[in-house]
Asks: 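My structure is below; once you've seen it, I'll send some questions.
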Amino acid sequence: MCGIVGYIGNREAQSILISGLSKLEYRGYDSAGISVYNGKALQTAKKKGRLAVLEEQLQSNPLNGHIGIGHTRWATHGKPSDENAHPHSDNDHQFSIIHNGIIENYLSLKEELVAKGHVFKSETDTEVIAHLIQSLYEGDMEQAVQRAVKKMKGAYALVVLSKSEPDKLIAVRLASPLIVGVGQGENFIGSDIPAILEYTRNVYILNDGEMAVLTRNDVQLKDVEGNSISREIYHVDWDIVTAEKDGYDHFMLKEIHEQPKGYRDTMGSRIQSDQHKVDLKELTLSKQQIESIDRIHIVACGTAYHAGLVGKQVLESMTRIPVEVDVASEYRYRNPIITNNTLVIIVSQSGETADTLAALREAKSQGATILAITNVVGSSVTREADQVLITWAGPEIAVASTKAYTTQLITFYLLGCHFAEVLETKDEQFIAEVVSALQVLPEQVEMILSQAEDIKRYAEHIAQHDHVFFLGRGLDFAVAQEASLKLKEISYIHSEAYAAGELKHGTLALIEEGTPVVAIATQEDLFDKTVSNIQEVVARGADVLGLSTVGDEELVKSVNQLLFIPKTLPFLTPALSIIPLQLLSYYAAMARGTDVDKPRNLAKSVTVE
Ligand code: M6R
């Protein structure tokens, strides 16, 4: 989603802004722009399309100056266009602002401003903020911003630059992430750490309702009443190289190959190898608190929701506590039954997804205990949850989530073992078996990755089709849903995931000669049933790619092509079976020539509802 960069210091701001925005390209955007103060006036350049289009314009008309702001916009109010791109300004070009989020009351604010003579150039909600701040300016920019945010309803990460006080930048946030990078004789603002990591590792993470006032040599944090706030600096300990492609053609391919490391890092010291046990030290839930949980809700969006579908089956089988899984945007409006004994597990790679955060707040307000599974330390979700389990996948840049999903699965397995041990719903021997099987998963993933060429061939075949079906039962159905989303989002091939036994209740009508079907059959207890369902599509002419752990004769006879994953415990198979299917999507997208890392219309972190 939209990206924000701000700079104040002694260097040329333009190159720092452009470099920062390029690090945020992965978030998804459709226009880009910067404003720089040149000693006399605010100069702005903004263009629809990729950052490269803006850079081309800046080559012939550079913006010189040592303070500036930059933005990549993902359209919400108003189509992608030069006019709607940020930064936005007021009629006197006194203020230039960039904004992530949505101002819900922008129409009423706009009407008031129009009545006072303000003239608007764009269709955006953001332009209203620039006019509003100018209308409230009485010689103190900080106070004008404070007055403005009190009138605004909605979500914002906002950065303000003014020619009236050109020695400072003001940043303020509510429900949209914002960080401040602290340098020497220079300071930075970013919506995400990669934007500024080239220049500093020392950051302040702003909380909701907080503002930062940046000058060259100082950063002051305040609340929106102007009261000072003290905050420890967060030192970023991961490297910029982890956020770069490292020789791979795409971030997605790099991240698929990073999964063995993600599994190892997520298990890390949480597994006590000598005792074959799981120790989730970071959880502070007592035995009594765990025993009091009588229902679990898993709430998430997209791929994280699909990890939750696996999590449900894992937790139910390990603990026998009933688990429901909800899409976050539905959960908060369906009046879910929540009591003090409800554990709500929030799953989010970014920890900033607006729908997920809203669901978290709703559940918390109704008395649930919140356990977050997230990949970003210091994200909003980590700050608002009662308990946090970090997935150590490392920064995930590609819009299509891969290593975040699989490390979420690993975290659910660890949590299942931990709860089962505390509740004594599984014996030591069973948990020891799970732990041993978990520990060999990284090598097994490496084996699957080495078969990429076979998968590529089938991917090139399905890339010629417009519709693909994924089938599975039980855990295989959960994996089918994630595989289908992956294929859709990056190759733009329409696909559907179906519970294999459900196909005959309507969808079978869509199967015709040559329709590609990916059938996942890894669950021993459901194997024969799934094979029967595969026969149903084969009989209608489907072209079937089977995925199994066992080389059963029946399956070999039924399908056109067969892939195997190494043997593991049945309930761990999702952590293996998704790997070839991620590669399948990747190579299908490559064959179709789509923008794999930045698929159309999508954003990495969806910070609007
Ligand atoms: O950051 P989150 O895990 O909260 O994001 C949730 C979804 O937006 C995300 O998983 C999305 O579905 C991915 N693009 C799928 O690959």
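Along the sequence shown, the residues carry numbers beginning at 1. First listed ligand is number 1; within each ligand, the first listed atom is number 1.
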Asks: Starting from atom 3 (O) of ligand 1, which protein heavy atom do you reach first, and at what distance in Å?
Replies: Q349 N, 2.6 Å
Asks: Starting from atom 6 (C) of ligand 1, which protein heavy atom do you reach first, and at what distance in Å?
Replies: C301 O, 3.4 Å
Asks: Could you tell me which residues satisfy ring pair (Phe, Tyr, Trp, His ring centres under 6.0 Å) with Y413, sequence neighbours excluded, listed by chain and number?
Replies: F571
Asks: Is K312 salt-bridged to E324, cutoff N-O under 4.0 Å?
Replies: no
Asks: Do the two ring centres, one from Y331 and one from H297, sit under 6.0 Å apart?
Replies: yes
Asks: For atom 8 (O) of ligand 1, what is the closest protein heavy atom, and at what distance to 0.1 Å?
Replies: V606 CG2, 4.1 Å
Asks: Among all protein heavy atoms, pick the one closest to atom 2 (P) of ligand 1 and tell me residue, atom and distance.
Replies: T353 OG1, 3.2 Å
Asks: Does K604 reach ligand 1 with a nitrogen or oxygen that is under 3.5 Å from one of the ligand's nitrogen or oxygen atoms?
Replies: no
Asks: Got the closest protein heavy atom to atom 16 (O) of ligand 1, with its distance?
Replies: E489 OE2, 2.3 Å
Asks: Quick one: do R457 and E453 make a salt bridge, cutoff under 4.0 Å?
Replies: no
Asks: For ligand 1, does K486 get within less than 4.0 Å through its side chain, its backbone, both, or neither, judged by non-hydrogen atoms?
Replies: side chain
Asks: Would one find an N or O of V399, backbone or side chain, under 3.5 Å from an N or O of ligand 1?
Replies: yes
Asks: Salt bridge check: are R383 and E210 linked by an N-O gap of less than 4.0 Å?
Replies: no
Asks: At a 4.0 Å threshold, what atoms of ligand 1 neighbour a non-hydrogen atom of A400?
Replies: 16 (O)
Asks: Can you sort out which atoms of ligand 1 are near A304, meaning under 4.0 Å from one of its heavy atoms?
Replies: 3 (O), 10 (O)
Asks: With respect to S350, determine whether any N or O atom, backbone or side chain, lies less than 3.5 Å from an N or O atom of ligand 1.
Replies: yes
Asks: What protein heavy atom sits nearest atom 9 (C) of ligand 1, and how far off is it?
Replies: T303 N, 4.0 Å
Asks: Any cation-pi pair here, R50 with Y29, using under 6.0 Å and within 45°?
Replies: yes
Asks: Decide salt bridge (charged side-chain N to carboxylate O under 4.0 Å, His left out) for D597 and K254; before the verdict, give the C-alpha distance in whole Å, the side-chain angles of both, and the deciding distance to 0.1 Å.
Replies: CA-CA 11 Å; D597 282 336; K254 176 184 174 234; over 6 Å; no
Asks: Between R600 and D30, is the closest basic N to carboxylate O distance under 4.0 Å?
Replies: no
